[in-house]
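As the structure lists them, so they are numbered: ligands from 1, and atoms in each ligand from 1.
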Amino acid sequence: METQAGDPGAFRAFDLHRVPSPCFVVDRARLEQNLQILADVKQRSGAKVLLALKAFSMWSLADLVGEYLDGTCASGLWEATLAKEKYHGELTTFSAAYKTSEIDAIAELSDHLLFNSPAQLAAYADRAEKHCSLGLRINPEHSEGEVEKYDPCAPCSRLGTPLSQLGDFDWSQIDGIHMHTLCEQGFEPLERTFAAVERALGGKLHSLKWINFGGGHHITRADYDREALVEFLTRVQHQYGVQAYIEPGEAVALDTGILIGEILDLPENSMSLAITDLSATCHMPDVIEAPYRPALLDEPDAGHTYRLGGPSCLAGDVIGDYTFAEPLKVGQRIAFLDQAHYSMVKTNTFNGIALPSIAIWDSATDALTLQREFSYSDFRDRLS
Ligand SMILES: Cc1ncc(COP(=O)(O)O)c(C=O)c1O
């Protein structure tokens, strides 16, 4: 995959030595800009916008998110609990399958509860419906994804009930449907996917109270066609008499954060190598999983090229090959762009490697707050 990181923006001027290393630094002002864009879509369309906590659950910024968005969406009990404890507004929960031991607590916390299959809906509807509004996640069976791993409509996908299996479904059991089929995409794939849903479901959509269009909409990217999105959401709500929802994650946190690290050693093996205190496998697992090459702050077109990798035992703990204007020095700081989403939420302590600290910087005022530093006890206490 290609990184969608845009311009480094205000981070170009940030002194990387102002925080300990490694450290996530999130720009509050940049986050507010993204939230303003999403709030504008919300206001002009009448759709509700929820933050997908799976992408970005930096709860120290929950109050700011709450000023602009309608609430959050969670993937299960722990995210739902975090949503209620720290965030504002409504909560929608979707999990590919719920456990009997957790369903009552999840239903009590949630305003909308989405089931992945008619079987799970049948198993838990009675217990859940007294607490929240129920919906079904559908699989529109219309692929727009470039990478199969991130395409919930790929063959044999377990995510969502295929439309072709809904022939004898009793629509009176649910208030809404949910579809999440996109990944870092523009408006047109959404329009084409919903056209496939309309062709398959037709009049059934009129019986619903709400339609949730999931995430994957890169609404805050400069080239996203927001006018078309506003028109689309307005049209769907008007035509079917429903409340529309979207639940972006990436679009909320896009380009708001960097991950700062330090050069620890500069060995050679057929090429120049650099070991950093940043680990792909511990701190940016999507680099290996997606895979993708994160953008580096201030990388020139030509200069001295190094293969950057982490301190872990994993031979494949490689971030990528990067070029620097001057030869690297031990102790030098570097920063990867666009790391606020899907990195902070995925960190782990494999090899006992330290978790990055978390800081908030406000590029509008230059105020810097070190929110959280982690220690040995965070590693120890996940084990027993
Ligand atoms: C059900 C659901 N909703 C919302 C999202 C958020 O997607 P994104 O961060 O790409 O906007 C995801 C991401 O996987 C998801 O699975």
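- Protein residues with a heavy atom under 4.0 Å from ligand 1 are Ala52, Lys54, Ala55, Arg137, His178, His180, Gly215, Gly216, Glu247, Pro248, Gly249, Glu250, Tyr342.
- Residues Arg226 and Ile219 approach most closely at NH1-O, 2.7 Å, considering heavy atoms.
- Between Asp104 and Lys130 there is no salt bridge, since no side-chain nitrogen of the basic residue lies less than 4.0 Å from a carboxylate oxygen of the acidic one.
- Between Tyr224 and Phe187, some side-chain heavy-atom pair lies under the 4.5 Å cut-off.
- No path of Ile, Leu, Val, Met, Phe, Trp and Tyr side chains, each step under 4.5 Å between heavy atoms, connects Val26 with Tyr342, placing them in separate hydrophobic clusters.
- A salt bridge links Arg28 with Glu32: the closest approach of a Lys/Arg side-chain nitrogen to an acidic carboxylate oxygen falls below 4.0 angstrom.
- The cationic atom of Arg199 (NZ for Lys, CZ for Arg) does not lie both less than 6.0 Å from the six-membered ring centre of Phe194 and within 45° of the ring axis.
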